[in-house]
Amino acid sequence: MELRILGSGTSHGVPVIGCNCSVCRSKNKKDSRLRCSALITAGNKNYLIDVGPDFRQQALKAGISSLEAVFLTHSHADHIHGIDDLRIFSHKNSRAMNENLKIKEKFPETKGQGLPIYTSSRTIEHVMSSFQYIFVDHDKGGGVPKLNFIPADDFSTDNPINLEEISAVPIPLQHGNRHTLGWVFSTVNNDGKTHSLAYLTDCSFICDKSLKTVKTFNEDGVLDMLVIDALREKPHSSHNSFRQALEYADIIQAKHTYFTHITHDFKHREIQKYINRELKTKGKYENLKRIIKNGGSVSPAFDMLKITV
């Protein structure tokens with residue numbers, strides 16, 4: 001199973017429009033951060049996490065030519081406003097196109113119910129309200145995405161989403177005063193063990209139950225990777241600070257931890273220096289110190305980073 005970070009930036013992206021700070025002017029590619037998204041590949045099948053306004057650009061960069069399913073964390077614009085570009089992967093014709101046999105033959109509609117999209121019932125409601133044109137029978141114009149929304153509220157470690165190459169479990173998170181979903185994805189590797197990665201973006205609080213759920217993937221297998229929201233050094237009302245992210249990572253104890261949803265306060269190398277310095281704090285982060293000593297890592301993510309689990 002491979003994870004590719006399609007975007008590691010906050011809702012503004014980096015560089016920020018109209019900003020002249022040193023990070024936004026940086027020539028280092030690792031300091032250029034598209035809106036937060038990721039791609040999981042297992043057995044030549046692709047699974048997308050979030051579809052923000054930069055998705056077209058991300059898909060072209062990553063060479064994405066097929067999708068098996070999409071997993072949404074929540075309905076904020078920076079995570080869903082690329083949804084129309086899912087047309088390429090699952091196309092629904094207008095009534096006018098279906099009635100014209102020549103056009104229908106040239107542009108056939110995708111078979112089946114549409115591209116599966118897993119998320120909370122609340123997010124489904126918000127998406128359908130925000131993009132009404134997708135879900136009504138339209139007479140004119142071209143096609144729209146053919147989407148099959150599947151509520152993820154009742155899935156759990158005892159009842160995971162089982163797909164052909166991976167399984168997925170939703171993780172409830174708190175994003176300011178909103179509820180979001182993190183995700184844990186698992187696959188059985190050649191060593192016969194279940195290997196997992198946790199993707200926990202857009203959160204400012206992770207309850208004990210959710211932390212315990214994520215930790216179980218280390219008890220029943222190997223939790224190779226944690227990708228976690230880490231907006232900036234200063235506290236924020238709806239996102240983890242760097243220190244909060246480290247504290248959660250110390251509890252979860254993945255082999256490798258990556259920060260994501262990063263703003264433009266620090267360059268990539270400056271964030272790594274912050275992490276290295278913070279991990280020298282006496283009496284703190286003892287689990288992370290042990291993990292690093294045994295070959296693990298804690299680093300900021302960057303766009304197009306590839307990690308194999």
Side-chain angles (χ1 to χ4, degrees), residues 2-14 32-42 45-92 110 112-135 142-152 161 163 166 168 170-171 173 175 178-185 197 199-203 227 229 260-262 301 303-306:
E2 177 188 271
L3 179 77
R4 180 179 289 199
I5 299 294
L6 299 178
S8 58
T10 187
S11 57
H12 290 298
V14 182
S32 181
R33 302 165 186 144
L34 296 176
R35 265 64 76 92
C36 207
S37 180
L39 183 75
I40 292 172
T41 302
K45 296 186 183 300
N46 294 321
Y47 305 90
L48 180 68
I49 309 172
D50 286 337
V51 56
D54 297 324
F55 175 64
R56 179 180 179 276
Q57 183 180 351
Q58 292 164 336
L60 290 170
K61 268 189 173 183
I64 302 172
S65 58
S66 64
L67 286 176
E68 298 299 317
V70 179
F71 297 85
L72 296 181
T73 58
H74 64 301
S75 59
H76 280 169
D78 54 320
H79 294 263
I80 66 166
H81 273 204
I83 200 165
D84 194 71
D85 286 317
L86 295 177
R87 282 185 294 167
I88 297 300
F89 306 100
S90 186
H91 190 274
K92 180 177 175 63
T110 306
Q113 292 180 289
L115 181 65
I117 299 187
Y118 296 91
T119 190
S120 68
S121 296
R122 183 184 286 107
T123 296
I124 293 172
E125 182 181 337
H126 290 168
V127 172
M128 294 183 77
S129 174
S130 299
F131 297 91
Q132 293 182 31
Y133 72 93
I134 293 176
F135 306 100
V144 296
K146 190 174 184 180
L147 308 176
N148 178 23
F149 278 97
I150 302 170
I161 299 166
L163 302 176
I166 63 169
I171 307 295
L173 305 173
H175 179 31
R178 294 179 65 93
H179 297 281
T180 60
L181 287 182
W183 292 94
V184 177
F185 301 93
L197 66 90
Y199 188 88
L200 311 178
T201 190
D202 284 60
C203 60
V227 180
D229 182 301
T260 195
H261 214 289
I262 304 166
D303 292 14
M304 295 299 139
L305 170 66
K306 280 186 184 181

Under the side-chain hydrogen bond (donor to acceptor under 3.5 Å, both in side chains) test, residues paired with [X] that sit two or more places apart:
| X | result |
| --- | --- |
| S11 | none |
| T41 | N46 |
| R33 | none |
| H179 | Q174 |

Exercise for the section: With sequence neighbours excluded, give me every salt bridge (charged side-chain N to carboxylate O under 4.0 Å, His left out) pair touching residues 65-90. Expected result: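 Output for this query lists D84-R87.
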Exercise for the section: Compute the ring centroids of F185 and F71, then answer whether they are less than 6.0 Å apart. Expected result: yes
Handout entry: Criterion side chain to side chain contact (heavy atoms under 4.5 Å, CB included) on L86 and I117, from CA distance to verdict
Key = CA-CA 11 Å; L86 295 177; I117 299 187; 4.1 Å; yes
Problem - ring pair (Phe, Tyr, Trp, His ring centres under 6.0 Å) partners of F149, counting only residues at least two apart - result: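 With neighbours one apart ignored, the set is F135.
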Problem - H81: partners by ring pair (Phe, Tyr, Trp, His ring centres under 6.0 Å), with sequence neighbours left out - result: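 With sequence neighbours excluded, H81 shows a ring pair (Phe, Tyr, Trp, His ring centres under 6.0 Å) to F131, given in chain and number order.
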Set of side chain to side chain contact (heavy atoms under 4.5 Å, CB included) partners for [X], sequence neighbours left out:
| X | value |
| --- | --- |
| S130 | none |
| V144 | K92, Y133, H138 |
| T260 | S8, C36, T201, V227 |

Handout entry: pair I49-I40: side-chain heavy atoms closer than 4.5 Å
Key = yes
Problem - Residue pair Q57 / R35, side-chain heavy-atom distance below 4.5 Å - result: no
Problem - Considering all heavy atoms, the nearest I171-V184 contact - result: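 Answer, listing the atom of I171 first, then V184: CG1-CG2, 3.8 Å.
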Problem - Contact summary for I262 and A301, nearest pair of heavy atoms - result: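 Closest pair (atom of I262, atom of A301, distance): CD1-O, 4.1 Å.
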Practice task
Could you walk me through whether F89 and I64 pass the side chain to side chain contact (heavy atoms under 4.5 Å, CB included) test, one step at a time?
Solution key: CA-CA 10 Å; F89 306 100; I64 302 172; 3.9 Å; yes
Problem - Atom pair CD (Q113) and CD1 (I150), whose distance is rounded to the nearest 0.5 Å - result: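 It is 7.5 Å, given to the nearest 0.5 Å.
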Practice task
Calculate, to the nearest 0.5 Å, the distance between atoms CG and CG belonging to N148 and L115 respectively.
Solution key: 8.5 Å
Exercise for the section: Check salt bridge (Lys or Arg N to Asp or Glu O under 4.0 Å) between D50 and all other residues, then give those that pass, not counting sequence neighbours. Expected result: none
Problem - Partner set under salt bridge (Lys or Arg N to Asp or Glu O under 4.0 Å) for K61, not counting sequence neighbours - result: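 K61 satisfies salt bridge (Lys or Arg N to Asp or Glu O under 4.0 Å) with no other residue.
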Handout entry: Option passing side-chain contact (heavy atoms from CB on, under 4.5 Å) with Y118 (candidates L181, I124, L163)
Key =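 It is L163, the one option of L181, I124, L163 that forms the side-chain contact (heavy atoms from CB on, under 4.5 Å) with Y118.
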Problem - side chain to side chain donor-acceptor pair (under 3.5 Å), paired with H175, selected from D202, T180, T73 - result: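 Of the listed options, the one satisfying the test is D202.
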